[in-house]
Every structure is written in structure tokens, then in C-alpha cells.
Amino acid sequence: MKKILFFAVCTALCGQALHAQITIAAARALPVGSSVTVKGLVINGSELGDIRYMQDATGNIAAFDISMLDAVQRGDSITVSGTTSNYNSLLEISPLSSVVIINSGNPMPAPTDITCLSGWAESYEAKLVTVHDASFTDSGTFSTAGSGTNYNVTDATGTSQVRVLTATNIDGTPIPVVPVDITGIMSQYAPGGTGGYQLLPRDLSDISTGGNPPIISSALSQTNISTSSFTVNFSTINAGNTIVYYGLTTALGSTASDAAMVTDHALNLTGLTAGTIYYVQAASISASNDTSFSAIAAMATASNSSGQIKVWFNNPVDNSVSDGVNAVYVNGTLDDSLIYFMDHAIYSLDVCIYNIDNINGIVSAINDAYARGVTVRVICDSGVDPTTYNSISVGVGNKTKSPPDGSTNADGLFYGINHNKFIVVDAVSDDENDPWVVTGSMNYTDQQIKLDKQNLVAIQDQSLAKGYTMEFNEMFNGDFGPDKSNNTPHEYMIGGRRVESYFSPSDEVETHLISEINTADYDLYFCVFSFTRFSISYAIQDAVEDRGVFAAGIWDQTDAADSTAIEICQDAMGDKFIHYSQANLLHHKYLIVDPNCPQSDPLVWTGSHNWSSSANNRNDENSIVIHDATIANLFYQEFSQRYTDEGATEYVDGDCDFLGVDPVVAAEDGIRVFPNPAHNSLMLEIVEGTVEHMVVYGMNGTRFAVPFNAEENRLDISQLPAGMYMLSFYLNGDARYSSLIKN
């Protein structure tokens with residue numbers, strides 16, 4: 001767990017105050033650096049981190065300490081002593097010398113009404129306020145990787161800024177698409193000394209449409225994907241019916257609904273076309289006739305494609321750890337594999353790449369495709385070699401570059417680089433076996449192809465090719481980096497495998513990467529070129545220290561000025577966390593989860609995305625996640641060779657005894673769940689009592705509404721994708737849990 005030292009908070013008078021108690025207004029009037037003691041009502045808890053905002057009849061002020069305020073919650077009346085300080089223009093009492101909780105459970109004060117024009121001002125600093133009928137300018141879901149994310153909101157008077165912090169339950173929920181009332185604490189972050197006011201909502205209840213709406217509290221998720229149907233899932237805080245609007249464009253057009261008033265929503269859309277992307281929006285109406293809407297999401301049906309997945313590596317691999325399918329090492333000839341797909345393009349070829357040269361004939365292959373009548377488009381980074389770029393001959397208007405690294409868009413947000421590495425072949429073909437997506441870690445230069453450690457992955461699937469084409473079109477039409485939106489499907493069913501797809505910086509990629517790490521039950525491995533994000537390190541640390549996962553990893557570069565990410569992994573993993581020392585670059589960006597535990601959903605994450613802030617927040621990147629034991633083992637063979645080359649000797653030992661391998665699993669005394677693993681149904685044998693509130697959770701936290709026959713105590717799991725789940729239910733009023741494996 002995180003290495004933070006905690007100190008006890010005084011909860012009773014433990015000595016005389018060091019200074020005479022004064023009002024908050026008096027404390028604010030004193031010079032910064034004054035020693036003060038004030039009493040006030042606390043208006044936030046740990047959802048905003050280590051800071052507490054407090055008020056009395058005269059004013060508001062913040063108090064900050066990394067430990068002394070841990071036990072202080074919203075509604076507490078407290079006395080604090082300390083020194084006033086200015087933290088990036090926010091006046092706060094810090095450091096603290098004393099905290100006394102007088103009493104708890106006091107009601108919150110009524111928030112003060114403000115507008116976007118008048119409310120973001122010093123007179124409201126640290127105060128509980130509400131702005132009415134404000135609209136978020138962003139769509140999709142709230143993403144708070146790191147400490148938090150800023151969002152613009154507008155009302156009739158102007159535009160101001162709301163900051164959603166990671167510790168709140170707002171993270172990952174849909175951004176409202178209708179005007180809302182936003183309550184929160186007016187804070188300030190202005191390193192330059194002026195401005196920087198931010199409204200901090202404390203939880204979902206602080207973002208309200210008025211009335212008693214269901215309030216959609218999760219992003220839309222997609223399960224049970226087939227060639228003609230899929231299930232749309234979401235959750236609401238309050239009960240409501242289930243409505244799903246869908247269609248081939250964002251105009252939608254078709255509707256499906258379920259009148260049952262629930263908080264866990266699942267609606268199966270049928271009669272769909274194979275290999276097709278649909279736009280989906282959910283809504284829910286409460287008993288009081290108040291409505292909540294989700295943002296529009298893209299979802300794909302399964303295609304009738306072959307679903308082939310091919311993997312190559314350009315440096316030696318360790319076939320001794322193969323599970324029967326040997327990983328392919330092509331001795332620096334990954335250009336041949338790439339050119340093969342370019343040469344076989346019939347109708348269309350889209351190339352999106354950070355850097356390229358023609359030493360191995362790749363530019364020639366692109367030009368040859370255009371010469372034989374293929375529609376060819378190319379996107380390169382702005383820093384690509386100009387001579388090479390000029391030699392790409394694909395017709396007028398068919399190639400473009402990303403904006404310069406460090407330039408800004410109209411909103412003042414920074415562009416990064418076009419760091420993508422993918423081609424899409426024949427996405428426009430009517431033959432479902434023509435389209436391919438080829439991606440991996442490799443740039444198309446001689447050094448990268450022949451010397452640096454790389455992987456290349458080719459996937460034959462019509463739906464995935466269409467999804468990648470959507471991303472390509474967005475950039476080709478001029479929207480890069482912060483201008484992009486989260487508008488592509490993320491879930492695919494390819495050749496019977498679950499495959500996920502994400503693009504940076506629009507798709508909350510780091511959040512999804514951490515979610516994959518959190519599914520590890522037995523072992524995980526990674527090779528990554530650039531590693532600076534300590535939120536990922538904490539997830540790995542938790543896997544090792546909390547769940548006993550065997551973890552090993554190799555990294556090449558980090559931030560010389562801040563090695564926090566590296567230090568956390570070193571503390572958790574010891575000698576199994578290795579700084580790459582061989583020749584050339586370790587250019588991989590892959591994660592392998594549970595390759596030696598086939599009953600626990602083995603997966604591989606790969607693509608262009610380094611574990612860095614630039615990759616997550618600024619760059620255009622692509623990532624693919626393949627849930628498949630064989631593919632995971634292929635990458636494990638690659639990792640084993642890199643690991644051995646570094647002199648490592650410690651490997652995972654023993655059989656994976658992850659819960660679920662036995663045919664019968666006891667959940668608690670008085671009940672057993674069987675068979676487990678299961679194919680179509682799961683039985684509950686109960687000694688005495690009644691089972692209620694049956695819910696199935698995916699390992700990423702997604703909730704599934706699964707039919708439960710209470711008379712037979714039988715759970716129908718036939719529509720669940722294969723994988724690992726958690727079963728939650730109540731028996732005689734007591735919460736019970738059991739792991740579940742669907743074969």
C-alpha cells in the first residue's frame with residue numbers, strides 16, 4: 001500500500017490552545033505567516049484529499065495537513081491551530097499544530113448562489129456555493145487520472161472552471177449533457193498569483209438536474225457482443241426505467257426500453273448487422289418523471305471475419321516457456337511483415353505513424369499501393385524527416401502532419417506528438433475477410449525495425465478496422481490531441497476473444513491500463529520504454545503487496561527530475577524490477593496479466609502508449625488489449641528472454657490455485673455455488689433462507705444484470721462473455737460474495 005505516515009488526530013481537548021481563538025474573518029485579515037486558532041464547521045471530507053474547508057459566521061478558510069485531518073469529516077465542528085500560508089494563492093492554515101474535533105454530524109450550511117461571471121472570485125474563496133443551469137462543454141465521461149481534471153462550464157453569464165478530483169465518486173461517470181446545478185467549494189490554484197479559481201464538487205450529489213432524477217453513475221458498457229446483438233449496461237443512483245436510443249449515426253433513430261424500475265440497467269439490442277458500428281445513448285426516467293441521459297457512445301457488433309491474430313518480435317524469444325505455440329522471432333525483418341499487408345491492400349490503406357524512412361522500402365510500398373489504384377492516406381508527426389515526407393506520393397490532399405509539439409489549440413491546450421503506430425488495410429471492403437489492423441510498438445525506421453526491441457501485431461477483423469478508421473478520420477480531418485473526442489468503440493469480440501481498443505488522449509487510457517493491472521490474480525509482467533506515471537506504479541504495488549501477485553518488469557527511461565514511479569516499483573518488486581541495460585532501445589509498451597493462470601482471463605496490452613504523462617494527456621496514441629491465453633503466452637516468451645538477458649533468475653513458482661478451479665466453491669457456511677467454472681448456469685444450494693439482490697460484477701467493476709430464477713436458485717450466465725466475475729448477493733440479510741468463472 002502507499003507509504004504514507006499517519007498521525008493521530010486529537011479528538012478531545014489535549015492541552016490549552018497555543019493562541020487565543022479568533023474568527024475566520026480575523027484570521028484572513030492577518031498577514032500570511034500569522035499563528036492563529038479558529039473554530040469552524042467543516043464542509044468537506046477526504047473526498048477532496050488532505051485539505052478541509054471550514055466556515056464560521058464570519059467567513060471561510062482552508063486547513064491542510066497530510067495526516068492530522070484524516071479523521072475530520074464533513075459536518076464536524078473543529079478547532080484548529082496553525083500558521084497561515086499562501087499555497088498558489090489559496091489562503092490556508094498550514095502547517096497545523098493542533099486539531100480538536102468538538103462534535104460531529106452537524107447539518108451543512110445552505111450554499112450561496114453564484115454565476116459564472118460573479119462567483120469565481122476572492123470573496124467566495126473556500127465557500128460552499130452553487131451555480132445554476134450550467135452546462136459542461138465537454139462530453140463523454142469524467143476522467144481524473146492523476147490528481148484531477150479541469151472542465152469548463154457555461155451559464156447565461158459566461159464560462160468558468162470546475163475541477164473534478166480523483167478521490168470523488170464522480171470519476172468515470174458520464175458528463176451531463178443537459179444543464180445542471182453544480183454545488184461545490186470555491187478553491188483557487190494560481191501559481192502566478194491571480195485568477196485560477198476552481199469550483200470543487202464533492203460527490204455526484206453536487207451535480208444535480210433538480211427534482212429526483214435517476215442520475216446515471218457509470219459510463220455505458222457493452223457485453224454479450226454477437227454478430228446481431230449486444231447488451232448495453234449502465235447504473236443509476238436512483239431507480240428508473242431503462243431506455244436505449246441507437247442508430248448508425250449520432251442522430252440515432254431506433255429505441256428499445258424496459259419499464260422495470262432498477263438501478264442496475266442492462267438492455268439487449270437485437271436485429272443488428274454484423275461488423276457494424278452503432279451509436280448508442282441511454283436514458284432513465286424515475287417515478288417522479290425526472291430524466292437522466294448518458295453521452296452518446298459508439299459500440300460495434302462482432303463481424304464475420306476470420307479473427308486471425310498474428311504476432312511477431314524482432315529480437316530473440318524464449319520458446320522454452322511456450323505453452324505449445326512458439327512465439328515468432330523474425331531477426332529484424334519486421335519490415336517484411338508490414339510491407340506484406342501494404343502490398344496486399346486492394347481498396348484502401350491508411351497509415352498513421354510517428355516516424356518513417358525508406359531504407360527498408362516502406363515508403364516505396366506505400367507509393368506502390370497508390371500507383372496500383374489503392375486509396376492511400378498518410379498521417380505523420382510534425383517532426384517527421386521532411387525529405388522522407390516529401391517522397392510519400394499518394395496524391396494531392398492524401399497526406400498530413402500533426403500540429404507541432406508544444407503548440408496550443410483555440411482553448412490554450414497543448415498538443416503533443418502523433419505517436420501512433422498503425423495501418424488499416426481495406427476497411428472499406430465489403431468482404432469481411434479483407435480488413436486488417438496492424439499495430440505494435442514499432443516506428444517505421446531502420447533503427448526501430450532492425451535493432452530496438454519491438455513487437456508487431458496484425459488483427460483481421462472488419463469491426464476493429466472500422467473503429468481504427470474512425471480514429472484516423474478524426475485526425476485526418478484536423479482534430480489531434482486535445483481536440484479529439486472519445487468517439488470510437490472500445491469493446492470488440494474477435495475470433496471468440498474479447499479485444500479492447502483505446503486512443504489517447506481522449507479515452508482515459510491510463511485509467512483503463514490501471515484497471516487491467518487490477519485484474520491480475522497470479523502474475524503480471526511488463527516491458528515499457530518510458531515509465532513516469534506513479535499512479536500505475538501504485539496499482540502494481542497493490543497487486544504485489546495486497547493480492548500476492550508475482551510481478552516482474554523492465555523499463556528503459558524515466559523522468560530524471562522525478563523518479564517516483566520507479567522508486568515505488570523498486571520498493572514493491574525488488575530485483576524483479578529491472579532497468580534495461582542491453583544494446584539499443586527497449587521500445588516495447590506491453591503489459592501481460594496472468595499468462596500462467598489461464599482460469600483468470602490472461603491478457604496482453606500493447607501499442608504505442610508509453611507509461612508517461614505526455615502519452616496520457618497530450619499525444620495521439622493507440623492501445624490494444626487482447627484477452628487470450630495463447631497471445632499472452634507469446635508475449636510471455638518475449639518477456640522471458642528480455643528478463644533472462646538482464647540476468648534475472650526469479651520466476652513465478654507453483655501452480656495457479658486461483659479461486660474457481662474446483663468444481664464446487666463454498667461462498668460461506670450454509671451455501672455453496674456450483675459448478676465453477678460454469679458454462680450456461682450456476683446453481684446455489686442453500687441450507688436455509690432466501691437469496692436476494694443478486695448482482696454479477698466484472699473484474700473491472702462493471703455490473704451485469706443476469707437473470708436469476710429465485711424458485712430454482714439458478715443463475716443464467718449463458719450471455720456473459722467468458723472470463724472471471726464476482727457474484728454478490730444477500731442471504732437472510734447478510735452480504736455474501738463468491739468468485740465465478742464463465743467458460
Query - Close side-chain approach of Pro201 to Ile170, heavy-atom, < 4.5 Å - result: yes

Are any side-chain N or O atoms of Asn241 and backbone N or O atoms of Ala283, one a donor and one an acceptor, separated by less than 3.5 Å? no

By salt bridge (charged side-chain N to carboxylate O under 4.0 Å, His left out), Glu567 pairs with (sequence neighbours left out) none

Between Ile517 and Ile540, does a side-chain contact (heavy atoms from CB on, under 4.5 Å) hold up when you go through it step by step? CA-CA 7 Å; Ile517 293 171; Ile540 294 169; 4.1 Å; yes

#### Entry: pair Thr168-Asp203: side-chain heavy atoms closer than 4.5 Å
no

| message | With a sphere of 6.0 Å drawn around OH of Tyr415, does it hold more than 12 non-hydrogen atoms of other residues, nucleotides or ligands? | response | yes

Check your understanding: Hey, are Lys484 and Glu471 close enough for a salt bridge, meaning a charged N less than 4.0 Å from a carboxylate O?
Key -> yes

Take Glu122 and Arg28, measure what salt bridge (Lys or Arg N to Asp or Glu O under 4.0 Å) needs, and give me the verdict at the end.
CA-CA 12 Å; Glu122 186 67 20; Arg28 294 188 68 91; 3.3 Å; yes

Could you label the plane-to-plane angle of the Tyr151 and Phe136 rings as parallel, tilted or perpendicular, counting under 30° as parallel and over 60° as perpendicular?
-> perpendicular

Heavy-atom nearest pair, Tyr502 first then Val509, reads CB-CG2, 3.9 Å

Here the gap from Ser221 atom OG to Phe234 atom CZ, rounded to the nearest 0.5 Å, amounts to 10.0 Å

Q) Does a salt bridge link Arg52 with Glu92, judged by any charged N lying under 4.0 Å from a carboxylate O? A) no

Rounded to the nearest 0.5 Å, the CD1 atom of Ile536 sits from the OG1 atom of Thr532 at a distance of 8.0 Å

Does Asp56 reach the main-chain N or O of Thr58 with its side chain, forming a donor-acceptor pair under 3.5 Å? yes

Smallest heavy-atom separation, Ser46 atom then Ala167 atom, equals O-CB, 4.0 Å

Do side-chain atoms of Asp76 reach the backbone of Gln73 as a donor and acceptor pair under 3.5 angstrom? yes

Heavy atoms of Ala190 and Ser89 approach each other most closely as O-OG, 2.8 Å

- [ ] Indicate yes or no: does Arg618 engage Asp405 in a salt bridge with an N to O separation below 4.0 Å.
- [x] yes

Worksheet item: So, the side chain of Asn169 versus the backbone of Leu204: is there a donor-acceptor pair under 3.5 Å, distance only?
Response: yes

- prompt: Does the Gln281 side chain pair with the main chain of Ser294, one donor and one acceptor, at a distance under 3.5 Å?
  reply: yes

Exactly one of Thr149, Asn150, Ile175, Val153 clears side chain to side chain contact (heavy atoms under 4.5 Å, CB included) with Asp138, and that residue is Ile175

For the pair Leu48 and Arg202, evaluate side-chain contact (heavy atoms from CB on, under 4.5 Å) and give the outcome as yes or no after the intermediate values. CA-CA 7 Å; Leu48 298 185; Arg202 300 162 297 176; 4.2 Å; yes

Q. After noting the C-alpha distance and the side-chain angles of Tyr124 and Tyr197, does the key distance pass the side-chain contact (heavy atoms from CB on, under 4.5 Å) rule?
A. CA-CA 9 Å; Tyr124 294 101; Tyr197 294 101; over 6 Å; no

message: Taking the side chain as everything from C-beta on, heavy atoms only, tell me whether Leu524 gets closer than 4.5 Å to Val544.
response: no

Closest heavy-atom pair, Met54 versus Gly40, reported as atoms and distance to 0.1 Å, is CE-N, 3.3 Å

*asked:* Pairing donors with acceptors under 3.5 angstrom, does anything connect the side chains of Ser608 and Glu621?
replied: yes

Practice item. Kindly say whether Ser402 contributes a backbone atom to a donor-acceptor pair with the side chain of Asn418 at under 3.5 angstrom? Key: no

| side chain to side chain donor-acceptor pair (under 3.5 Å) between Glu500 and His490: does it pass, once the steps are laid out? | CA-CA 5 Å; Glu500 302 170 69; His490 300 309; over 6 Å; no

(message) Checking Ser81 against Ser98: is there a side-chain donor and acceptor pair closer than 3.5 Å?
(response) no

*His512 and Asp507: side chain donor to acceptor below 3.5 Å*: no

Contacts of Glu47 meeting salt bridge (charged side-chain N to carboxylate O under 4.0 Å, His left out) (sequence neighbours excluded), chain-then-number -> Arg74

Indicate yes or no: at least one non-hydrogen side-chain atom of Val72 is less than 4.5 angstrom from one of Ile101. yes

For a side chain to side chain donor-acceptor pair (under 3.5 Å) check, start with the C-alpha distance between Asp113 and His132, then their side-chain angles and the critical distance, and finish with the verdict. CA-CA 8 Å; Asp113 291 340; His132 297 278; 2.8 Å; yes

| said: Checking the side chain of Asn106 only, and the main-chain atoms of Gly75 only, is there a donor and an acceptor separated by less than 3.5 Å? | reply: yes

- Message: Side chains of Leu128 and Thr183, heavy atoms from C-beta outward: is any pair under 4.5 Å?
- Response: yes

When every non-hydrogen atom of Val36 is compared with those of Ala27, the smallest separation belongs to CG1-CB, 4.2 Å

Do Phe526 and Trp611 pass the ring-ring contact (aromatic ring centres under 6.0 Å, His included) test, and can you show the C-alpha distance, the side-chain angles, and the key distance before you say yes or no? CA-CA 11 Å; Phe526 57 89; Trp611 297 3; 5.1 Å; yes

- Is there a donor in the side chain of Glu125 and an acceptor in the side chain of Ser187, or the other way round, less than 3.5 Å apart? no

Taking the side chain as every heavy atom from C-beta outward, state whether Val528 and Asp556 have any pair of such atoms under 4.5 Å apart.
no

Would you mind reporting whether Ile514 and Glu516 have side-chain heavy atoms less than 4.5 Å apart? no

Q: Determine whether the side chains of Asn238 and Thr236 contain a donor N or O and an acceptor N or O closer than 3.5 Å.
A: no

- prompt: Would a distance-only check, ignoring hydrogens and angles, find a side-chain to backbone donor-acceptor pair under 3.5 Å from Asn619 to Ile417?
  reply: yes

So NZ of Lys589 and CG of Leu513: to nearest 0.5 Å the spacing works out to 13.0 Å

Do Thr154 and Asn152 have side-chain N/O donor and acceptor atoms under 3.5 Å apart? no

From the list Asp155, Asp181, Thr157, side chain to side chain contact (heavy atoms under 4.5 Å, CB included) with Val131 holds only for Asp155

In short, Ala62 meets Leu90 closest at the heavy-atom pair CB-CD2, 4.4 Å

Q) Hey, does the side chain of Ser94 reach the backbone of Phe64 with a donor-acceptor pair shorter than 3.5 angstrom? A) yes

**Message:** If we count only N and O atoms by modelled type, under 3.5 Å, do the side chains of Ser614 and Ser612 hold a donor and an acceptor together?
**Reply:** no

### Query
For Leu199, does its backbone N or O pair with a side-chain atom of Arg163 as donor and acceptor, under 3.5 Å?
no

Can you check whether Phe531 reaches Asn610 side chain to side chain, under 4.5 Å on heavy atoms? no

